[in-house]
Amino acid sequence: MSNEEKDTKITINEKEEEEYQRSCMRKISRIVVLLLIGLLATCYYIFVVELCIFTVQLLEAKVTFLVIFHLLFLLCVWCYLRTVMTPPAVPPEKFRPSEADKQLYLSDERPQVLQEILIRMAKDLHIKKAVRYCTTCHVIKPDRCHHCPVCNVCILKLDHHCGFLNNCVGFSNYKFFLLAVMYGVLLCIFTSAVSLYCSILFWTHQLPNSPSKVPIIVLFSLTTFFAIMLFRLFLDHFELALRNITDREDSDNTEEFNPYNLGFSKNLREVFGNEKKYWFLPIFSSLGDGVSFPMGEATMDIEKNAAIAAKPPSESNSQLLEVKTTQKS
């Protein structure tokens, strides 16, 4: 067997190994999602049945607890499902070079020549930072776009891949992710407080011992633990949103200056949109198209984005083109 054949065989084995690892990670993530849904269902049963129906005696308290709990629970589940089920946004077709350009790029190994080829291919794509090419997806990466090794695809404004979601968090679902974590924190705090109140009544013998005592104490322990963990997660990501930087960029960033930082207010509008009535609902309202972003030295660009209605990325793209055409004319 020649050296070239050996190298080819090693490369094939490495690709097969990587694909096997990705498949295992996706299967594990699916199991984690199912376990999380099962945990939510268990907590729902304990709070509604064991606590509200069997333990709480005052009708007014039962109604109040159930209304607040169901409001937070439905919002949390709605946001979580939107985060899980929203496909990550990928680079548009215009960022995929022609077959001739792709072969030209892959046939050369000189860094300077490769960079010149990339710059030529990206001359009409309005990329503001360094031009990058993904040899796996065979696309020119827009600004803030990164390749996810688990999903094996380039994601627009990739924040991170989440095993608890079995999905990437990026431009298309980052708002849903933040809302899911926020409502999860509120739900856990409320449930923990109510279950603690009932546990104290059990411990002080103001409520008679019943089979519901142990499940309520377990509910208090679980929700307190998750309230602390989710609160820390929310603080971390809210702070990133305030700075208009993704978790990936924050980890990889070697520059002191963040070019996308537009100020707290405008940074939040980039994620949640301009129409405040949509801010706390899992309805897509983020500004822009996920491909180009206003830079700190040109903060007026966000005001142009403000003219774009809260629509999914595909619809936003066409509206952005209309705005640019109008400006040129």
Side-chain angles (χ1 to χ4, degrees), residues 83 86 88-92 95 122 125-132 140-148 154-162 168-182 185 230-276 278-280 282-313 316-317 319-320 323-324 327:
T83 311
T86 300
V90 298
F95 284 87
L125 298 179
H126 306 292
I127 295 176
K128 297 178 182 178
K129 300 191 77 175
V131 181
R132 300 164 298 145
I140 297 172
K141 296 181 181 179
D143 291 330
R144 313 187 79 175
C145 176
H146 296 277
H147 186 85
C148 173
C154 287
I155 308 297
L156 297 181
K157 198 182 177 183
L158 174 66
D159 188 86
H160 68 286
H161 182 91
C162 183
C168 276
V169 176
F171 174 74
S172 61
N173 61 355
Y174 188 65
K175 175 192 173 184
F176 308 150
F177 170 75
L178 278 180
L179 290 177
V181 176
M182 183 188 74
V185 171
L230 289 175
F231 184 66
R232 291 184 59 185
L233 179 65
F234 178 75
L235 285 183
D236 289 342
H237 278 277
F238 189 70
E239 187 261 340
L240 292 175
L242 285 176
R243 293 194 288 132
N244 201 351
I245 190 170
T246 64
D247 186 59
R248 175 67 179 267
E249 291 167 344
D250 192 50
S251 301
D252 297 345
N253 190 23
T254 56
E255 304 174 4
E256 293 184 3
F257 173 70
N258 172 22
Y260 304 110
N261 192 347
L262 309 171
F264 290 165
S265 175
K266 292 180 179 180
N267 289 341
L268 287 180
R269 284 163 55 194
E270 282 282 295
V271 176
F272 293 98
N274 291 297
E275 299 190 53
K276 295 183 179 179
Y278 296 123
W279 277 18
F280 299 103
I283 298 172
F284 185 85
S285 58
S286 301
L287 297 183
D289 57 357
V291 170
S292 59
F293 301 89
M295 306 286 262
E297 68 270 18
T299 55
M300 291 302 291
D301 287 353
I302 196 172
E303 304 301 335
K304 298 173 186 177
N305 281 345
I308 301 174
K311 295 180 179 178
S316 298
N317 290 345
Q319 201 159 356
L320 274 172
V323 172
K324 290 178 182 178
Q327 289 171 347

Pairwise distance [atom1]([X]) to [atom2]([Y]) - rounded to 0.5 angstrom:
{"X": "Phe95", "Y": "Cys154", "atom1": "CZ", "atom2": "SG", "value": "11.5 Å"}
{"X": "Leu125", "Y": "Lys141", "atom1": "CG", "atom2": "NZ", "value": "15.0 Å"}
{"X": "Leu156", "Y": "Asp143", "atom1": "CG", "atom2": "CG", "value": "11.0 Å"}
{"X": "Leu287", "Y": "Leu268", "atom1": "CG", "atom2": "CG", "value": "11.0 Å"}
{"X": "Phe272", "Y": "Leu179", "atom1": "CZ", "atom2": "CG", "value": "5.5 Å"}

message: When you compare the side chains of Thr246 and Lys157, does any donor N or O come within less than 3.5 Å of an acceptor on the partner?
response: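 Side chains of Thr246 and Lys157: no pair found under 3.5 Å.
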
field: Identified side chain to side chain donor-acceptor pair (under 3.5 Å) counterpart of Ser285 within the set Lys276, Lys175, Arg269
entry: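 Testing Ser285 for a side chain to side chain donor-acceptor pair (under 3.5 Å) against Lys276, Lys175, Arg269 leaves exactly one candidate, Lys175.
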
message: Counting the benzene-type ring for Trp, do Phe231 and Phe238 have ring centres under 6.0 Å apart?
response: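 Ring-ring flag for Phe231/Phe238: false, centres at least 6.0 Å apart.
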
Using modelled atom types and a 3.5 Å cut-off, is there a donor and acceptor pairing between side-chain atoms of [X] and backbone atoms of [Y]?
{"X": "Asp159", "Y": "Asp247", "answer": "yes"}
{"X": "Asn267", "Y": "Ile245", "answer": "no"}
{"X": "Thr83", "Y": "Asn173", "answer": "no"}

- request: May I ask you to check whether over 12 heavy atoms, not counting those of Phe234, lie within 6.0 Å of atom CZ?
  value: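 For Phe234, atom CZ is crowded (more than 12 foreign heavy atoms under 6.0 Å).
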
Would you check if [X] and [Y] make a side-chain contact, meaning some heavy-atom pair closer than 4.5 Å?
{"X": "Pro259", "Y": "Lys129", "result": "yes"}
{"X": "Pro91", "Y": "Val291", "result": "no"}
{"X": "Leu262", "Y": "Glu270", "result": "yes"}
{"X": "Tyr278", "Y": "Phe284", "result": "no"}

field: Derivation of the side-chain contact (heavy atoms from CB on, under 4.5 Å) call for Arg132 and His146
entry: CA-CA 10 Å; Arg132 300 164 298 145; His146 296 277; 3.8 Å; yes

task: Look at the aromatic rings of Phe293 and Tyr260 and report parallel, tilted or perpendicular, splitting at 30° and 60°.
output: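 Ring orientation of Phe293 relative to Tyr260: perpendicular.
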
message: Please evaluate residues Arg243 and Glu239 with respect to the criterion salt bridge (Lys or Arg N to Asp or Glu O under 4.0 Å), reporting the C-alpha separation (whole Å), side-chain torsions for both, the decisive distance (0.1 Å), and the verdict.
response: CA-CA 6 Å; Arg243 293 194 288 132; Glu239 187 261 340; 2.6 Å; yes

- prompt: When you look at Arg144 and Phe171, which way does the side-chain contact (heavy atoms from CB on, under 4.5 Å) test go after all the steps?
  reply: CA-CA 10 Å; Arg144 313 187 79 175; Phe171 174 74; over 6 Å; no

- request: Evaluate side-chain contact (heavy atoms from CB on, under 4.5 Å) for Cys148 paired with His161, printing each intermediate quantity in order.
  value: CA-CA 7 Å; Cys148 173; His161 182 91; 3.6 Å; yes

